[in-house]
Amino acid sequence: MFELKSGRKHIKGLDALRAFAIMLITLFHVFPETFVGGYIGVCLFLVITGFLLAYGSSCDYASDNFSLRNYFFKRLKRLYPPIIFVILVTVGIYHFILPGTLEDSGKEIISIIFGFNNWWQLAMSSDYFARVINASPFTHMWFLGVEIEYVILWPMIFILCTFFESRSIFLLAFLGIISAFLPAIFAFQGVDISRIYYGTDTRIFSCLFGGALGLWFAKHGNDFQSGRFFSLPFDILFQILILPILVATFLLRGQNLLLYEGAMQILTLIFCLMLFAVIYESHLGDRLEISAFKWLGKYSYEIFLWQYPVIVLFQRKGWHNFDYGPYLEIFMIFLLAYFSKNVLKFISNPKMPFSEENFKLRLSCCAFALTAIFSAVIMCFGMHDVLASDFNPKHKPGYKLQMEIEQRQAELAKAQAERAAREAAEAERIRTEQELFAARLRGRGITMIGDSIMVCASPGILDIMPEVDMEALSSRDVCGGFEVAQKLQQEGRLTDIVVIALGTNGPLLDYEPYATGMQNLLNLLGSERQIFWITVYCSYSQWMAMNNQYLAELANSRPNFHLIDWYPIAVNNPELLESDGTHPNLKGAVEYAKLIQNALAQELSPK
């Protein structure tokens, strides 16, 4: 099972499992609409973490080498230098390329460093599968919160295990079963899935199951090859176990309650069996010692850390939408992972480049020295921006943008009150079709229902369509859209022409209650009203493409349903958007309004 390399035990095949996990996560982050369940790779990482901590602690304890000081020093040395490096370099690069994006990231960075980012994101009402205003290049760091918290908890759990001796494996398994039941209990009680997905108590079962496996192997490690325990064909079993993982990767979305009601727990057990097979069957471990797997496994931590910084940058700059954009993202993630790991290694053990006799080695050392200097300069800007950021605990991520949206919301409410008063005072009668068309272009007889995108665009809309009746509200999804449409109908304000901008804050189909809300809204609007629906642009929303495709299908199947295509304008003109890369700024509001008016003019002009 083991081979000795520089005094360290190397578990054959473990790098292949790390490679499998990091590829699932990477493909999910880069291609979320294809590899919809790739996030399950996190469960495998947690299993491996639990296994290694338990196995290593047991071996150290058996040889009287276990100490809390050495334990925490090793973990701090492994976890924190890459985290700090990635954070400061990311903030430094964003300082130049996307200024203002991370101006209030200080509190988030503190939560990452102190290991409670998962709970911080919950407190900020963050949703891993629906990130709009609070989208961040550090959103994926929630995983490190669970990881660090388990690392802190493990010595206490391990000390408890030493008192139970032979029953310690059952103790870990029992604790894991309790934790595994919590997601299902919360899901049946209707608890928000973000609480289940982010919670340490609801995710720690993966670590505990892996820990039980680690204790078992620590106890029986010398008996593996004797065939004393099992004689199953583990290489065949390993291949069979990959099949349900692949099915979940392509079909199991994170919003699906089935994930929390049992699928995540079953997948974790499958990962435990895969780990068991790799370690128990030495031939399987040998076959998995492939150079590509070993490289991915070696750099898996750094690859994970760099994912969202690169992906968010590409999305905000519009590069993700190029044909080669996603593949360039993966290349950049791997490249940065390689350089960051080796630069930190170079910094911790610097060599004098020109003292080496080997030219290639001297050239390599010079390259890493220059990279280290450049990284240090970038990190200085990152440190400056972090220290200058907003540390007010009352301010959530995207606070400034949220304040601007609220200001526009207030201006919209005031403008709508003035419009209502003006309409009541006017007794204008429209006599001709041309007069009716002109009034339509000013917004007369048109109802608009939208979310924060429409709120941000409202200055431009009201400037050229001052008579429109607009009901827009931040964070509104399609269910909220149905509710406001009902209210408008009861008040007699739901006109024959309705313009809708919904779909940023949730899917429009497939998932409840959104699918029902969408059907209810369509049924309420009926087949007689003219419906104009504005396409969605939110580059870090998992359902953007799905929603836009569904809207296009509705436009093709319903004669009264028309698309207003904001997506291509937004994706090709990032200068029209706020720093979050989603909401239109004042210049974008003008273009948004013109787009709506042109679509109305084209469909409603007198024939």
Side-chain angles (χ1 to χ4, degrees), residues 130 132-133 398 401-420 441-443 445-485 487-488 493-495 497-506 508 517-518 521 525 529-539 541 543-544 547-548 551 561-567 569-571 573 576-578 580-600:
V132 184
I133 293 177
L401 176 58
Q402 187 63 55
M403 291 297 292
E404 186 172 347
I405 292 175
E406 290 177 4
Q407 181 182 351
R408 295 191 191 180
Q409 188 91 58
E411 293 172 353
L412 172 60
K414 181 180 178 181
Q416 289 299 93
E418 293 174 352
R419 177 199 58 79
L441 296 186
R442 297 195 305 272
I446 296 175
T447 304
M448 291 191 179
I449 301 172
D451 52 25
S452 59
I453 306 298
M454 184 173 282
V455 173
C456 286
S458 61
I461 296 173
L462 295 178
D463 186 51
I464 64 174
M465 304 178 70
E467 299 180 43
V468 71
D469 188 1
M470 187 186 303
E471 284 286 344
L473 183 66
S474 181
S475 301
R476 177 177 283 158
D477 57 26
V478 70
C479 299
F482 168 64
E483 292 172 1
V484 75
K487 173 176 171 288
L488 292 174
R493 293 168 51 198
L494 191 62
T495 58
I497 301 172
V498 181
V499 179
I500 300 176
L502 296 172
T504 303
N505 297 297
L508 301 176
M518 182 66 178
L521 178 57
L525 296 176
R529 287 188 177 88
Q530 296 300 308
I531 306 169
F532 294 82
W533 203 299
I534 305 171
T535 55
V536 179
Y537 179 73
C538 179
S539 57
S541 167
W543 44 70
M544 175 184 69
N547 284 353
N548 286 340
L551 293 175
F561 194 100
H562 315 284
L563 276 190
I564 301 178
D565 207 357
W566 167 246
Y567 172 84
I569 296 176
V571 73
N573 299 277
L576 300 179
L577 306 175
E578 295 281 4
D580 70 334
T582 296
H583 294 81
N585 55 28
L586 290 176
K587 184 178 178 182
V590 174
E591 297 301 319
Y592 195 91
K594 289 180 180 177
L595 182 68
I596 295 174
Q597 191 180 55
N598 290 338
L600 292 170

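Keep in mind it's a predicted model, so treat the numbers as computed, not measured.
Side-chain atoms of Asp477 do not come within 3.5 Å of backbone N or O of Gly506 as any donor-acceptor pair. Between the side chain of Arg476 and the backbone N or O of Glu471, at least one donor-acceptor pair lies under 3.5 Å. Not one N or O on the side chain of Thr535 forms a donor-acceptor pair closer than 3.5 Å with the backbone of Asn548.
For the pair Tyr537 and Leu577, the minimum side-chain heavy-atom distance is below 4.5 Å. Looking only at side-chain heavy atoms (C-beta outward), Ile453 and Pro584 come within less than 4.5 Å of each other. Using a 4.5 Å cut-off on side-chain heavy atoms (C-beta onward), Trp566 and Leu595 make contact. Side chains of Pro459 and Leu586 form a contact here, defined as non-hydrogen atoms less than 4.5 Å apart.
Note that OG1 of Thr447 and CD1 of Ile497 are 9.0 Å apart. Values are rounded to the nearest 0.5 Å. Between atom CD1 of residue Ile569 and atom OH of residue Tyr592 there is a gap of 10.5 Å, rounded to the nearest 0.5 Å. Atoms CE and CE, on Met465 and Met470 in that order, are 8.0 Å from each other to the nearest 0.5 Å. Here CG of Leu502 is found 8.5 Å from CE of Met518. Values are rounded to the nearest 0.5 Å. Within the model, atoms OG of Ser458 and CG of Asp463 stand 11.0 Å from one another, a figure rounded to the nearest 0.5 Å. Atoms CD and CG, from Glu591 and Asn573 in turn, are 8.0 Å apart once rounded to the nearest 0.5 Å.
In terms of heavy atoms, Leu551 sits closest to Leu563 at CB-CD2, 3.6 Å. Val499 and Met454 make their closest contact through O-CE, 4.2 Å (heavy atoms, listed as atom of the first residue, atom of the second, distance).
More than 12 heavy atoms of other residues, nucleotides or ligands shown are found within 6.0 angstrom of NZ on Lys487.
Of the candidates Leu521, Ile564, Asp451, Leu521 is the only one forming a side-chain contact (heavy atoms from CB on, under 4.5 Å) with Ile500.
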Stepwise, does the side chain to side chain contact (heavy atoms under 4.5 Å, CB included) test hold for Leu473 with Val484? CA-CA 10 Å; Leu473 183 66; Val484 75; over 6 Å; no
Begin from the C-alpha positions of Val468 and Ile461 and carry the test side chain to side chain contact (heavy atoms under 4.5 Å, CB included) through to its verdict. CA-CA 8 Å; Val468 71; Ile461 296 173; 4.2 Å; yes
Begin with the C-alpha distance, continue with both residues' side-chain angles, and end with the deciding distance and a verdict on side chain to side chain contact (heavy atoms under 4.5 Å, CB included) for Val590 and Ile464. CA-CA 9 Å; Val590 174; Ile464 64 174; over 6 Å; no
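Taking the ring pair (Phe, Tyr, Trp, His ring centres under 6.0 Å) definition, one finds that Phe482 meets it with nothing, sequence neighbours left out.
Side-chain atoms of Ser475 and Asn505 form no donor-acceptor pair, as typed in the model, at a separation below 3.5 Å.
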